[in-house]
Amino acid sequence: MLPRFLPIMTALALASSLPAANPSGQPGLAPSANRPPSHLRTSTFQEFHWGVAYYPEHGELATLDQDAERMLAAGMNTVRMAEFAWDLMEPEEGRYDFSFFDDAIARLGAKGIRTILCTPTAAPPRWLSLSHPEILRVDARGVVQRHGSRQHASTASDVYRDYSRKITRAMAEHFANNPNVIGWQTDNEFNCHFSEDYSAGAAQAWIGFLREKFHDDIAALNRAWGTAFWAQTYARFEDVPLPAAGQPTHLNPAHRLDYTRFIAWTVARFQHDQVEILRAAQPRWWITHNGMFRLVDYRGQFGRDLDVLGCDVYPMFTWDPRQRGATQAWALDAARAWTGNFFVPEHQSGPGGQTDYFHDNPEPGELRRMLYTSFAHGADSVLLFRWRTARFGAEEYWCGVLDHDNVPRRRYAEVAQVGAELARVGPALLGTHVAIDTAIAATDFDNTNAHEALHFNLPAPDQVAAELHGHFWRAGYRVGAVHPGDTLRGLKLYIIPHFTIIDTAWLPQLESWVRDGGVLVIGARAGTKDADNNVTTDLLPGVLRPLVGATVVEYGRQNAPEQRPLELEIAGKRVLSREWYEQLAPDDGTEVWLRWATRHQTGTPAATLHRLGKGAVVYVGTYLNGAVGGALVPELAKLAHVLPALAGAPAGVEVVRREADDRALWFLINHTEQPQYVTGLPRGRDLVADRDVRDELTLPPRGVAVIRTPR
Ligand code: GAL
């Protein structure tokens with residue numbers, strides 16, 4: 001359990017201070033704090049926000065009126081501003097000047113374009129880094145981060161927290177009654193460039209974190225971390241170092257896992273300061289943040305503090321265009337697994353470039369294709385990054401909707417086309433969730449970081465999840481990602497890949513879901529660790545044994561799989577296991593599902609199947625990546641009776657269904673460069689083309705359709 005920096009009473013008081021509905025009557029969002037996170041949770045946006053990240057401080061004030069006209073012509077209604085403008089708003093300590101943004105917000109507002117403001121704490125001004133160098137982050141090698149780019153200040157530092165509260169309060173009070181400011185983004189992409197922190201401020205906060213976590217009892221810390229190993233016993237909390245990887249060599253995995261929890265805690269606490277101030281200043285504002293990055297637990301306090309989680313979407317970082325659809329779908333499904341449908345504060349709108357890379361320029365139709373993939377997978381509002389390409393700074397070639405010369409070209413035309421379509425698609429989309437029947441467990445903070453602390457160079461659980469997801473996605477299944485603490489309602493097949501830490505709180509639900517007919521699949525090494533990241537002495541797979549109905553009797557790493565190939569037999573074929581093997585012993589009543597086929601394991605159980613009620617638990621004693629995953633996916637689909645979303649959709653056409661009580665939206669997305677003929681469609685109206693559809697349609701290259709049907 002993480003220490004709670006937010007006492008329960010404060011949390012309750014805060015919640016009760018939130019109005020039940022949006023009192024302003026303005027388009028925006030009814031506050032949704034305290035709705036439990038779930039992949040099925042929809043946002044409470046009352047309109048689809050469509051717009052751009054806008055930077056009047058980069059010279060755009062001169063073109064603002066023309067910009068606003070062009071935005072309106074592209075169907076836009078929202079801009080996001082000010083996330084890197086602290087220097088402008090507080091040019092010297094304590095002297096605030098918001099007139100610049102007052103002007104920009106008012107002029108945009110007069111045209112009907114509303115503003116989301118940001119707290120500017122991702123880039124503290126020079127006067128602050130000069131007067132308080134102790135706020136600067138320090139990396140694992142002890143190098144102090146310098147002023148000159150961004151994210152150089154420590155969210156753990158009490159001094160920096162104080163400055164963060166001051167600028168947030170000044171902005172909040174100044175804009176509280178501005179009718180055109182509808183919401184806020186906290187900071188910008190916490191932990192995007194680097195997440196660790198070894199500054200003196202972090203060391204100080206670390207002591208407080210540990211004291212709270214171990215209830216002031218240093219003996220409890222020593223026990224929990226097994227500090228008897230390598231003479232690590234600590235006499236006082238003040239003596240416990242921040243663990244920098246590799247310095248000098250291997251670290252205690254328990255110490256390391258708590259350090260990652262600590263970093264997540266400092267980020268959540270830093271954000272919470274800002275959220276409290278913003279909510280107190282104006283309850284009608286909704287609050288978001290743009291993720292997703294390392295060492296932030298978006299499902300924990302961090303996400304619970306927000307009305308809606310944001311997810312920045314940059315598919316062009318996948319260099320191979322053939323993989324872009326699958327990786328984007330996975331990133332979005334994983335984002336939705338944290339808390340539900342999300343906001344996209346930044347969506348790629350052109351090729352991005354920084355010092356050492358320059359993306360492919362999206363080809364005609366590719367930008368629109370990417371946007372529809374985002375809409376299909378849970379985006380409830382989208383802002384493009386950015387309106388116009390900057391002329392200077394580290395991102396002077398990060399291309400926006402408009403080029404440097406301000407001439408609207410094909411990117412603008414494509415964006416305007418989507419804007420026109422959104423007039424029909426946007427309202428239909430709000431209130432729907434993504435309907436899936438197959439899911440892979442992902443986004444568990446502890447498991448991700450327990451793996452990093454001691455990984456044996458094995459693939460991370462989320463990496464294996466991404467690969468499995470890719471197999472299902474390419475074959476057209478209704479696949480997503482779901483955290484094991486979330487509801488499993490609607491799922492038929494659920495795979496937990498290699499979670500070494502299994503929270504016993506997940507077990508009752510897993511069992512009742514299996515008894516009701518679900519097929520649960522568990523990958524090797526599951527349940528081998530306790531919550532502190534120490535190894536269990538229970539028979540493996542530890543707390544999962546009763547569900548699995550089998551025991552792991554031997555395990556090993558394969559370091560040169562070609563030299564001593566260990567193969568298992570899947571559907572009559574031999575498949576090489578490259579990472580890890582386990583020999584299983586089924587309990588009475590548990591079937592052997594797969595066997596090893598080579599070397600000293602020939603004929604021993606490699607996977608078991610435990611029937612339970614109407615469902616079954618499959619335990620696979622190897623890693624679910626590579627050839628093993630590819631061969632297993634069709635077998636698992638058969639076992640769980642899951643079928644592709646639409647039998648008449650050809651390869652390369654993605655089909656995703658979003659649903660509400662009264663309607664379904666069928667997203668059809670052609671990822672290929674050829675026209676594709678789709679049959680077997682339900683009768684409904686294609687909201688993109690604005691025409692009725694019956695049974696079939698042909699999607700142009702990179703074309704999209706969104707068919708609305710009754711549920
Ligand atoms: C995001 C960031 C933006 C901008 C963009 C393009 O990660 O939030 O500020 O840097 O990438 O690089």
Side-chain angles (χ1 to χ4, degrees), residues 49 51-58 60 78-88 115-125 145 148-153 155 183-195 267 270-271 274 287-296 298 302 306 308-319 327-328 331-332 334-335 342-362 367 370-371 374 379 381-404 411 415:
H49 298 284
V52 288
Y54 191 57
Y55 299 91
E57 69 272 31
H58 297 174
E60 288 175 341
T78 309
V79 295
R80 186 200 66 177
M81 290 199 275
E83 78 275 25
F84 300 117
W86 194 341
D87 57 346
L88 187 69
T115 296
I116 298 166
L117 281 174
C118 306
T119 58
T121 40
Q145 304 304 291
S149 56
R150 63 177 173 184
Q151 255 183 28
H152 40 293
T155 51
W184 286 77
Q185 173 186 298
T186 57
D187 203 272
N188 187 75
E189 293 190 341
F190 282 120
N191 288 358
C192 136
H193 297 296
F194 79 92
S195 42
V267 175
F270 185 86
Q271 173 177 267
Q274 299 189 350
I287 306 177
T288 188
H289 174 76
N290 51 345
M292 332 293 298
F293 298 95
R294 235 184 129 243
L295 304 194
V296 183
Y298 299 102
F302 185 95
L306 300 173
V308 63
L309 190 57
C311 168
D312 287 350
V313 180
Y314 289 107
M316 303 308 271
F317 277 111
T318 299
W319 306 108
T327 51
Q328 186 184 350
L332 297 163
F342 46 85
F343 174 47
V344 181
E346 298 179 14
H347 198 291
Q348 186 129 25
S349 68
Q354 284 173 331
T355 310
D356 52 357
Y357 66 88
F358 191 57
H359 289 158
D360 287 359
N361 196 358
L367 175 53
M370 293 190 278
L371 282 161
S374 296
S381 278
V382 172
L383 306 185
L384 297 158
F385 188 86
R386 45 184 282 159
W387 175 243
R388 192 173 19 249
T389 313
R391 259 194 338 101
F392 38 71
E395 295 187 347
E396 62 187 20
Y397 272 101
W398 194 284
C399 301
V401 177
L402 300 179
D403 290 313
H404 290 110
R411 287 202 301 275
V415 162

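Order of appearance sets the numbers: ligands from 1, and atoms from 1 within every ligand. This is a predicted model, so every value here is computed, not measured.
- Residue Glu395 approaches ligand 1 through these ligand atoms, each under 4.0 Å from one of its heavy atoms: 4 (C), 5 (C), 6 (C), 10 (O), 12 (O).
- Partners of Asp87 by side-chain contact (heavy atoms from CB on, under 4.5 Å), not counting sequence neighbours, listed by chain and number: Pro125.
- Every atom of ligand 1 is numbered from 1 in the order shown, and the set under 4.0 Å from a heavy atom of Glu189 is 1 (C), 2 (C), 7 (O), 8 (O).
- Heavy-atom distances between Arg386 and ligand 1 stay at or above 4.0 Å for every pair.
- Heavy-atom proximity to Asn188, at under 4.0 Å, picks out these atoms of ligand 1: 2 (C), 8 (O), 9 (O).
- Partners of Thr115 under the side-chain contact (heavy atoms from CB on, under 4.5 Å) rule, at least two apart in sequence or in another chain, are Val79, Met81, Ile105, Leu117.
- Those atoms of ligand 1 with a heavy atom of Phe385 less than 4.0 angstrom away are 3 (C), 4 (C), 5 (C), 6 (C).
- Taking a cut-off of under 4.0 Å to the non-hydrogen atoms of Phe84, the atoms of ligand 1 that pass are 9 (O).
- Glu83 does not count as a contact of ligand 1, since none of its heavy atoms falls under 4.0 Å from the ligand.
- The one candidate from Gln145, Gln151, Arg150 that meets the side-chain hydrogen bond (donor to acceptor under 3.5 Å, both in side chains) condition with His193 is Arg150.
- By the 3.5 Å distance cut-off applied to N or O atoms, Trp398 is not counted among the residues near ligand 1.
- Residues Leu383 and Ile116 meet the side-chain proximity criterion, which asks for heavy atoms closer than 4.5 Å.
- In terms of modelled atom types and a separation under 3.5 Å, the side chain of Glu395 and the main chain of Ala390 share no donor-acceptor contact.
- Per-residue contacts place Gln354 under 4.0 angstrom from the following atoms of ligand 1 (heavy atoms of the residue considered): 12 (O).
- The environment of Tyr397 atom OH is sparse: at most 12 non-hydrogen atoms of other residues, nucleotides or ligands sit within 6.0 angstrom.
- Distances from atom 2 (C) of ligand 1 to the heavy atoms of Gln151, Gln185, Glu346 show the closest one on Glu346.
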